[in-house]
Amino acid sequence: MPAAPTWDPAQYLRHAGHRARPFTDLLARVPELPGSPPRIADLGCGPGNVTVLLAGRWPAARITGYDNSPEMLARAEAEAGPTPGGGHLDFAHADARTWAPTEPYDLIVSNATLQWVPGHTGRFADWIAALAPGGTFAFQVPGNFDAPSHRLMRELAASPRWRDRLDGVLRHGDAVLAPEAYLEHLTALGCTADVWETTYVHLLAGEDPVLDWVKGTGLRPVLDALAGDPEARDAFVDEYRTALREAYPARPHGTPFPFRRVFAVARREGS
Ligand SMILES: C[S@@+](CC[C@H](N)C(=O)[O-])C[C@H]1O[C@@H](n2cnc3c(N)ncnc32)[C@H](O)[C@@H]1O
């Protein structure tokens, strides 16, 4: 199983506007929460910039962002404290592979994280059991493992020059499920579920913007694996950059970057 990568919050936040859009689209489908004030968990909160948006929708909420990356949690800590609407925001270490809530939540949300958690559907029962009656579990995962950005990365890693050093480092398409499969899991657990997919066409600015994007996420396992050999790391990035330029040509107004994402909002019955 590929190891968890080392995260670089500054690199990740370089495309914060585009990356936040699916989170706001996900929140728009979350129904009213039962608790007053609501208790909310953001699982895989990253640098905390989208966790803050939860306080915009539920101003009095008590919100905890959980993550297993010390780098991301250190960045998120800057957002912690009382929120303007009388709520509170804090952050804590937790690993989604084992996280078992110890209190009821009105909302457990997870944005762009579960693709890093192999077998994550096996965790759903514990999380849904921890919801207050009428509470919601909502998540979004990228569904772009067959897109050129990821396919080209995998092909290069598997090529004769790199395969000995990068074998098994990258995730594959089975990191996430089809929307129908998520619907099946969530309804089998007794929830009413709303599942859908969207392909965003992000218009990215600057030179080699797709490379810049994946340096914050999908490419991190390769950057980690070659971290001790900067010459090799740069050589891989150069080859990959050339392939990306062909796959994602720049247009007069920017570089279009199609990005499919899968969303699910599951409500536990009860109120
Ligand atoms: C792509 S970032 C998403 C961050 C944030 N949710 C957002 O939407 O911007 C993925 C996050 O998942 C976290 N993560 C990955 N595996 C995890 C695990 N097993 N447990 C907790 N967090 C995890 C990473 O540390 C990282 O912060």
Side-chain angles (χ1 to χ4, degrees), residues 1-28 30 40-57 63-80 89-101 107-124 126-127 137-145 147 149-150 153 169-171 175-176 198 200 202 210 212-224 257 259-264:
M1 179 194 310
T6 311
W7 291 87
D8 175 348
Q11 181 68 36
Y12 182 73
L13 286 166
R14 283 170 57 79
H15 300 277
H18 287 291
R19 292 194 199 278
R21 165 79 186 278
F23 189 71
T24 53
D25 289 350
L26 179 68
L27 289 196
V30 174
I40 299 178
D42 179 8
L43 192 53
C45 60
N49 59 307
V50 301
T51 315
V52 170
L53 302 176
L54 293 162
R57 168 88 188 267
I63 303 163
T64 301
Y66 295 102
D67 206 286
N68 71 345
S69 157
E71 294 83 7
M72 287 298 205
L73 285 170
R75 170 64 184 75
E77 209 42 54
E79 313 283 1
L89 175 58
D90 59 20
F91 296 91
H93 181 277
D95 191 322
R97 289 171 295 187
T98 51
W99 182 64
L107 172 63
I108 297 174
V109 66
S110 183
N111 191 55
T113 292
L114 297 180
Q115 74 276 13
W116 296 103
V117 183
H120 50 265
T121 52
R123 305 295 307 125
F124 287 1
D126 278 359
W127 302 343
F137 168 46
F139 67 88
Q140 178 271 122
V141 286
N144 64 340
F145 289 87
S149 52
H150 286 62
M153 193 192 301
V169 160
L170 290 171
R171 296 159 304 154
V176 301
T198 298
Y200 298 90
H202 300 295
V210 178
D212 196 58
W213 179 295
V214 297
K215 274 183 175 174
T217 47
L219 190 60
R220 297 223 62 80
V222 171
L223 299 177
D224 272 359
F257 181 37
F259 199 130
R260 174 177 175 262
R261 293 182 182 270
V262 175
F263 300 76

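Ligands are counted one by one from 1 in listed order, and the atoms in each one are counted from 1 as well. Everything quoted here is computed from the prediction, not taken from an experiment.
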Side chains of residues 68-75: which donor-acceptor pairs under 3.5 Å do they make with residues two or more places apart or in other chains?
from  : atom 1 : to    : atom 2 : distance (Å)
Ser69 : OG     : Glu71 : N      : 3.3
Ser69 : OG     : Glu71 : OE1    : 3.1
Ser69 : OG     : Met72 : N      : 3.0

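The nearest protein atom to atom 19 (N) of ligand 1, hydrogens excluded, is given as Asp95 OD1, 2.9 Å; this is a heavy-atom distance. Nearest to atom 14 (N) of ligand 1 among the protein's heavy atoms is Asn68 OD1, 3.6 Å. For atom 25 (O) of ligand 1, the nearest non-hydrogen atom of the protein is Asp67 OD1, 2.5 Å. When only non-hydrogen protein atoms are considered, atom 20 (N) of ligand 1 lies nearest to Ala96 N, 2.8 Å. What sits closest to atom 4 (C) of ligand 1 on the protein, heavy atoms only, is Gly44 O, 3.5 Å. Looking only at protein heavy atoms, the nearest one to atom 16 (N) of ligand 1 is Trp116 CB, 3.6 Å. Ranking protein heavy atoms by distance to atom 8 (O) of ligand 1, first place goes to Asn111 ND2, 2.6 Å.
Nearest to atom 2 (S) of ligand 1 by heavy atom, out of Ala112, Gly218, Gly46, is Ala112.
Judged by the shortest distance from any of its heavy atoms, Phe23 lies outside the 4.0 Å radius around the atoms of ligand 1. Judged by the shortest distance from any of its heavy atoms, Tyr66 lies outside the 4.0 Å radius around the atoms of ligand 1.
Applying the salt bridge (Lys or Arg N to Asp or Glu O under 4.0 Å) criterion to Arg19, with sequence neighbours excluded, gives no partner residue.
Salt-bridge check for Asp212 with Lys215: failed, with every basic side-chain N at 4.0 Å or more from each acidic carboxylate O.
With Phe139 as reference, Phe124 is the one residue of Phe23, Trp127, Phe124 to meet the ring-ring contact (aromatic ring centres under 6.0 Å, His included) rule.
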